[in-house]
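These notes concern the structure reproduced below.
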Amino acid sequence: MKLDTQGSRVSEAAFARSELRLSAYLEHLRNVARTKTYAYNESSINLPTDTKLFDLALQTAKKFKNRHLKFIIVVGIGGSNLGTKAVYDATFGAYDVMHPERLPKMLFADTCDPRLLRSLEDVLKTITHPDEIVINLVSKSGGTTESVVNAEILLATLARRITHPEQRLVITTDVDSKLWKLAEEKGMEHLPIPDLVGGRFSVMSPVGIFPLALAGIDVKALMKGAQTMRERCLSTTHENPALTSATVIFAHLHGHPKNINDTFFFHPELESLGKWYRQLMGESLGKPKTRSKKEVKIVPTPTVSIGSTDLHSMGQLYLGGPNDKVTTFVSSKKTAHVNVPKKRMLSGLVENVDGKDAAEVMNAILHGVIAAYRKQHVPFMQLELDDLSPASLGAFLQFKMIEMMMLGELLDVNAFDQPQVELYKIETKKLLV
Ligand code: PA5
């Protein structure tokens, strides 16, 4: 993974200042890593090296995996499903629907949308044997309305197809939640989430590892990628991408502030990864007060764009609208290869593409956009992933989680809580009385 900040318009002095401001925090992160415990807010950085927890998730996946498995339904919302969906979609893409023969398929029940639930019920009605299905209910608190309602509906439907639907249910939750106790009482399979690991930092815990392993994704490589990246992001060198990226985002919140943080993925299959990052930034930094109780004046608002699709909808705003955004272009050279025919049926419409690889066309578009951003003085960074393998995805996830911890530190906000998310949950419960 390479991060290029030449287009960021941030001075060497700003990088030096940020390095200085973060030096004690970096030492703290290194200390958290040395303890190998879950005693700190930042302890999610210890997940990629926690072989015990990893093996537990992997062994559970092995127990449920078999050659008849057709569907894994992940019931969870926010931090409880976004990381899993990010890795699954990045691996199999939106075009997974074009490969109906590739099984098992992972399906997601997040919100309580009746049409989504009706479709999932239709899927469950095709089940003829318990081995064909696993439902993974993921909820850190164990009491999120959407997740509990969805699980109840799906389990009731499954009960009409198989005798013991609860035996095809795996629960992932906090050890002290009511859901954990219920799973214990009823003898249902259950996996823990370490207490201080919040939903948006939990993808390397059983939250992500169990369903991804069950879906056949190389979770060992995912963890290895995260481990290697963790070492890079805890180092003091200029090669620390988390520190570099956090500095660029933070620096642009001052002077003529650029508080929109756009991650522009040049791979449509990374859209869910963008949504995972959107939650990571939104929930970590969207706080009313600093840790020293001062009013928070400005934080970045994350947006996700897909190249080249969104150039045809948002390009005008990005290049012609207010200069209030910092963009990170994310791409990878290693992708599939498909060529435009040399002898074309639609010749004379677009020049200079005869025989060209579609990847070369995409690359020209990416570099065309970058040139236009430069001309318009719109600041950007370029992130080149080695490829879209599990190792690269693990590296990206870990890089961004540490970047967010550093941004929390620079902005002096608690990056690990989400008190205002609870507000809607409480109001919803009142309305359902
Ligand atoms: O990251 C978070 O903490 C939230 O997005 C939660 O994951 C989300 O609200 C779902 O909560 P729970 O995992 O407790 O069901």
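Indexing begins at 1, ligand by ligand and atom by atom, following the structure's order.
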Of all the non-hydrogen atoms in the protein, which one sits nearest to [atom], and at what distance?
| atom | result |
| --- | --- |
| atom 14 (O) of ligand 1 | S141 OG, 2.6 Å |
| atom 8 (C) of ligand 1 | I77 O, 3.6 Å |
| atom 5 (O) of ligand 1 | Q279 NE2, 2.7 Å |
| atom 9 (O) of ligand 1 | K425 NZ, 2.9 Å |
| atom 12 (P) of ligand 1 | T144 OG1, 3.3 Å |
| atom 2 (C) of ligand 1 | E283 OE1, 3.1 Å |
| atom 3 (O) of ligand 1 | Q418 CD, 3.5 Å |

Find all atoms of ligand 1 within a distance of less than 4.0 Å from any non-hydrogen atom belonging to [X], and give their numbers and elements.
| X | result |
| --- | --- |
| K140 | 12 (P), 13 (O), 14 (O), 15 (O) |
| R200 | 1 (O) |
| S80 | 7 (O), 12 (P), 13 (O) |

State which residues pass salt bridge (Lys or Arg N to Asp or Glu O under 4.0 Å) with E166; sequence neighbours excluded, sorted by chain then number.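 Result, salt bridge (Lys or Arg N to Asp or Glu O under 4.0 Å) vs E166: none returned.
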Looking only at side chains, do Y318 and D310 share a donor and an acceptor under 3.5 Å apart?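 Not at all, the side chains of Y318 and D310 share no donor-acceptor pair under 3.5 Å.
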Which residue pairs pass the salt bridge (charged side-chain N to carboxylate O under 4.0 Å, His left out) test when at least one of the two sits in residues 262-283, sequence neighbours left out?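 Every pair satisfying salt bridge (charged side-chain N to carboxylate O under 4.0 Å, His left out) with a residue in residues 262-283: R200-E283.
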Got an N/O contact under 3.5 Å between S147 and ligand 1?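 Among all N and O atoms of S147, none is under 3.5 Å from an N or O of ligand 1.
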Would G79 count as a polar contact of ligand 1, with the cut-off being nitrogen or oxygen pairs under 3.5 Å?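 For ligand 1, there is an N or O atom that lies under 3.5 Å from one belonging to G79.
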SB check E27 R34 (cutoff 4.0 Å):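 Salt bridge present between E27 and R34.
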Does a salt bridge link R118 with E121, judged by any charged N lying under 4.0 Å from a carboxylate O?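 Looking at E121 together with R118, the answer is yes, because their closest N to O distance falls below 4.0 Å.
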So, F380 versus F264, ring centres under 6.0 angstrom or not?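 Centroid distance F380-F264: not below 6.0 Å, so no.
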What I'd like to find out is whether the side chain of P192 reaches to under 4.5 Å of the side chain of L53, using heavy atoms alone.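 They are in side-chain contact.
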Side chain H252, main chain S8, donor-acceptor under 3.5 Å: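 Yes, H252 side chain to S8 backbone: donor-acceptor pair under 3.5 Å.
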